[in-house]
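Everything below concerns the one structure shown next.
Every chain is numbered from 1 and lettered A, B, ... according to where its sequence line falls, protein lines coming before strand lines.
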Amino acid sequence: MIYQATQAIADRFEEENYKFRISEEENTSRVIAGVTCDNTTIDIHFISSDDDNDVSVRVFRLVRFPEDKLDTILRVVNALNRQFRFARFIVDEDDRSVDIHHDIQSCTQDVGEAAVEMFCRLPNIADDAFPQLMKAIWGN
Amino acid sequence: MVYQATQTISERFEEASLRYEIHETEHFSLLECTMVTRHTTLVMRFLSSDDSNGVNLRVSRAVRFPQAKRAEVLRLVNALNCEFRFVKFVVNDAEHSVDVLYDFPRSTADAGETAMELIGRVPDIVDEAYPRLMRTIWG
C-alpha cells in the first residue's frame, strides 16, 4: 500500500516538476528521486512504514570502500557528521558502504515541504562529502 | 536577543510544566533543559541563530573518553548512528567526548512541538546508548 506521507511527497514533487518514482513493498512505500551532482549521482529514498508523517530519508551507497579502509572511513565519516548539519553519515560495515540518513519527525505538519527541503539539501551535502570520501579511499 | 523559535519552544515547555533556562548572546539564543535518565543526566540545548525554525539541538558531552579508546568509541558511535533514528552521535576530538545532535529542518512548522517530540525521544536514545558507551570506555 502507498502510505499517506508517500502520497503527500509525490504530490509535492509533482508540483515542483521533480522526476521521481513510487515503490511499494509489503510493509513500506517510498518515493525515489535521482539527482545528478557535480561529483556523483545519488538516489534519495523517502520511506514510510505507516500513515504518520515519520519518514526515513536515505541515500544508500554514496561510496563503497575496501575492508582495509574501514578505520580511515570511520574517521572521515565522523568528521563529516561534525561538518554537515541535517545529514547523518553512517558506515554500513556489512556492505562496506557509506550511506546518508535523515529522519523527518512524525510531528512534521507538512511532510511534502520537509521532503522538498531535503531534496534540495542532500545532493549538495553528498556532493561536498564525496571528494573527501574518495580521497580517503583512493588517496595515499 | 531571544529568537522566535526559542520563544516558541519556551512557551510550549511552559504549557508542559518543563523546567528550562533561556540564554541569549548577541548572535544566538538557546533554551537549555536538563533531563535525568536511568543512567545519566543530559543537558539538551536548543540553539537559534535567526528567526527561522532552523533550530539546532545539541547534547554536549554525553560521555567523555580517554584518547586511547578513540578508535573503539568511533566504531561504536557509527553503530549507534546505524541503529538509532533522528539523532546523530558524533565524536568531538577536541573534547574527547561524544555529542548528540539534531537539526530542525527550516520547513519545521511548529518548533515547539518538534522540541517536545525530541524531549520525549532523545533521553531514551541516550539512555539506551549510554551503557554501551560505558562498556566500551571502561570495559
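- By a heavy-atom distance cut of under 4.5 Å, not one residue of residues 41-52 of chain A is near chain B.
- Here CZ of B/R106 is found 13.5 Å from CD of A/E113. Values are rounded to the nearest 0.5 Å.
- Neither the backbone nor the side chain of B/D99 comes within less than 4.5 Å of any heavy atom of chain A.
- Of all non-hydrogen atoms in A/A114 and B/S107, the two that sit nearest each other are CA-OG, 3.4 Å.
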Does the pair B/R75 and A/L70 meet the rule for a side-chain contact (heavy atoms from CB on, under 4.5 Å), with working shown? CA-CA 9 Å; B/R75 198 151 183 181; A/L70 173 62; 3.6 Å; yes

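- When each of B/V87, B/V77, B/N92, B/L101 is checked for heavy-atom pairs under 4.5 Å with chain A, B/N92 comes out on top.
- Residues B/I9 and B/M35 share a single hydrophobic cluster, defined by chaining ILVMFWY side chains whose heavy atoms lie under 4.5 Å apart.
- The hydrophobic clustering, which links ILVMFWY residues whose side-chain heavy atoms are closer than 4.5 Å, places B/V36 and B/L18 apart.
- Heavy-atom distances place the side chain of B/Y102, and not its backbone, under 4.5 Å from chain A.
- Annotation: A/E25, atom CD; neighbour count of heavy atoms from other residues, nucleotides and ligands within 6.0 Å is above 12.
- Within residues 112-124 of chain B, the residues having any heavy atom under 4.5 Å from a heavy atom of chain A are, by residue number, B/E113, B/T114, B/E117, B/L118, B/R121.
- In plain terms, the two heavy atoms of B/V91 and A/N78 that are nearest each other are N-OD1, 2.7 Å.
- A/I32 and A/V59 fall into different hydrophobic clusters, where Ile, Leu, Val, Met, Phe, Trp and Tyr side chains are chained together by heavy-atom contacts under 4.5 Å.
- Of the inter-residue distances, the one linking B/D110 atom CG with A/D110 atom CG reads 13.0 Å to the nearest 0.5 angstrom.
- Of residues 7-14 of chain A, not one residue has a non-hydrogen atom less than 4.5 Å from any non-hydrogen atom of chain B.
- Residues of residues 81-99 of chain A placed with any heavy atom under 4.5 Å of a heavy atom in chain B are listed by number as A/N81, A/R82, A/F84, A/R85, A/F86, A/A87, A/R88, A/F89, A/I90, A/V91, A/E93.
- For B/R70, the part lying under 4.5 angstrom from a heavy atom of chain A is the side chain only.
- A continuous path of ILVMFWY side-chain contacts below 4.5 Å connects B/F65 to B/F89, so both sit in one hydrophobic cluster.
- Across A/T108, A/D103, A/V116, the residue that shares the most heavy-atom pairs under 4.5 angstrom with chain B is A/D103.
- The shortest distance between side-chain heavy atoms of A/R121 and B/P105 does not fall below 4.5 Å.
- Between B/L74 and A/R75, the shortest heavy-atom distance links the atoms CD2-CG, 3.5 Å.
- Hydrophobic clustering keeps B/I22 apart from B/V43 (ILVMFWY residues linked when any side-chain heavy atoms are closer than 4.5 Å, directly or through intermediates).
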